[in-house]
Amino acid sequence: MAEWRADVFTLFPAMFPGPLGLSLAGEGLARGIWSLETHDIRDHGLGRHRAVDDTPAGGGAGMVMRADVVAASLDSILAPDDKRPRLMMSPRGRPLTQARVRALGMGEGAILLCGRFEGIDERLLEARDFEEVSIGDYILSGGEIAALVLLDACVRLLPGIMGKAQSGEDESFETGLLEYPHYTKPRSFEGRAIPEVLLSGDHGKIDAWRRTEAVRLTRERRPDLLKD
Ligand code: SAH
């Protein structure tokens, strides 16, 4: 299978691969299971100061990244027939879900655009066909950490990254439920025992217990997940 290819457009290329250079993602990067190229939008900035932003039309606080500058950066790199999803990290976007992550992981890769300041001129998103994606209902100072989150979630699912293929599958959200609680040695920790059933060796009972716990935790913490 061809490698999963990520291209990231950012004002802070030094933030990549960052944490994705370590552990499973980092090993996968070194082994060519996936690739990551970062592109500094400022290379296409205007004038002596390589300006990438300007004041918002209509007034108000902050600065907006210019459509022409971002377009020049994208167009210098991307082939017109590149079919990878084009995603702009944005708190206004559709929230990222495990289902979306899985779909992205099964594709050829992704093209990620990281905003800074107040964001990017709306016309760029229309003209270059970017879909906005959010990693949650809070505001980050830039799209880079959101891009790292999205990439981490996708890359860990790629064939050859995770040791045991199974450990992707019964995780929280994959089953529509939060995951059951985990235990390991020692058998007694500060007077707390491991639930008896987990030591019984009866795999039917263990599966039933885990399922019950998963439903209980989901009902307590995320009743919204049970509706679907
Ligand atoms: N003015 C914007 C926020 C800009 S934050 C608004 O109110 O909607 C600056 C940049 O950080 C954004 O352009 C985006 O790329 C990134 N960002 C901030 N929060 C994010 C989130 N929850 N998910 C994804 N990207 C986010």
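Just so you know, ligand 1 is whichever comes first in the structure, and atom 1 is the first atom listed for that ligand. Predicted, not measured: the structure shown is a model, and the values here were computed from it.
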Which ligand 1 atoms, with their elements, are less than 4.0 angstrom from a heavy-atom of [X]?
X: Tyr138; answer: 19 (N), 21 (C), 22 (N)
X: Val133; answer: 24 (C)
X: Ile139; answer: 5 (S), 19 (N)
X: Ala146; answer: 24 (C), 25 (N)
X: Gly119; answer: 13 (O)

So, are [X] and [Y] salt-bridged, with charged N and O less than 4.0 Å apart?
X: Arg128; Y: Asp75; result: yes
X: Arg92; Y: Glu132; result: yes
X: Glu196; Y: Lys205; result: no
X: Asp40; Y: Arg42; result: no
X: Glu27; Y: Arg31; result: no

Mind listing the closest non-hydrogen atom pair of [X] and [Y] along with its distance?
X: Leu217; Y: Pro181; value: CD1-CD, 4.0 Å
X: Pro186; Y: Ile194; value: O-CD1, 3.9 Å
X: Met65; Y: Cys114; value: CE-O, 4.1 Å

Legend entry - Residue Glu108 excluded, over 12 heavy atoms near CD under 6.0 Å: no
Legend entry - Contact partition for Ser90 relative to ligand 1, non-hydrogen atoms under 4.0 Å: backbone
Inset, instruction - With heavy atoms only and a cut-off of under 4.0 Å, state how Asp137 meets ligand 1: side chain, backbone, both or neither. - result: neither
How close does the nearest protein non-hydrogen atom get to [atom], and which residue and atom is it?
atom: atom 4 (C) of ligand 1; value: Phe117 O, 3.5 Å
atom: atom 14 (C) of ligand 1; value: Met89 O, 3.0 Å
atom: atom 17 (N) of ligand 1; value: Pro91 CD, 3.7 Å
atom: atom 19 (N) of ligand 1; value: Leu140 N, 3.0 Å
atom: atom 10 (C) of ligand 1; value: Gly115 O, 3.5 Å

For ligand 1, which is the ligand I care about here, please tell me if [X] has any N or O atom under 3.5 Å from one of the ligand's N or O atoms.
X: Ile135; answer: yes
X: Glu118; answer: yes
X: Met88; answer: no

Legend entry - Value rounded to 0.5 Å, distance of CG in Leu198 from CD in Glu213: 9.0 Å
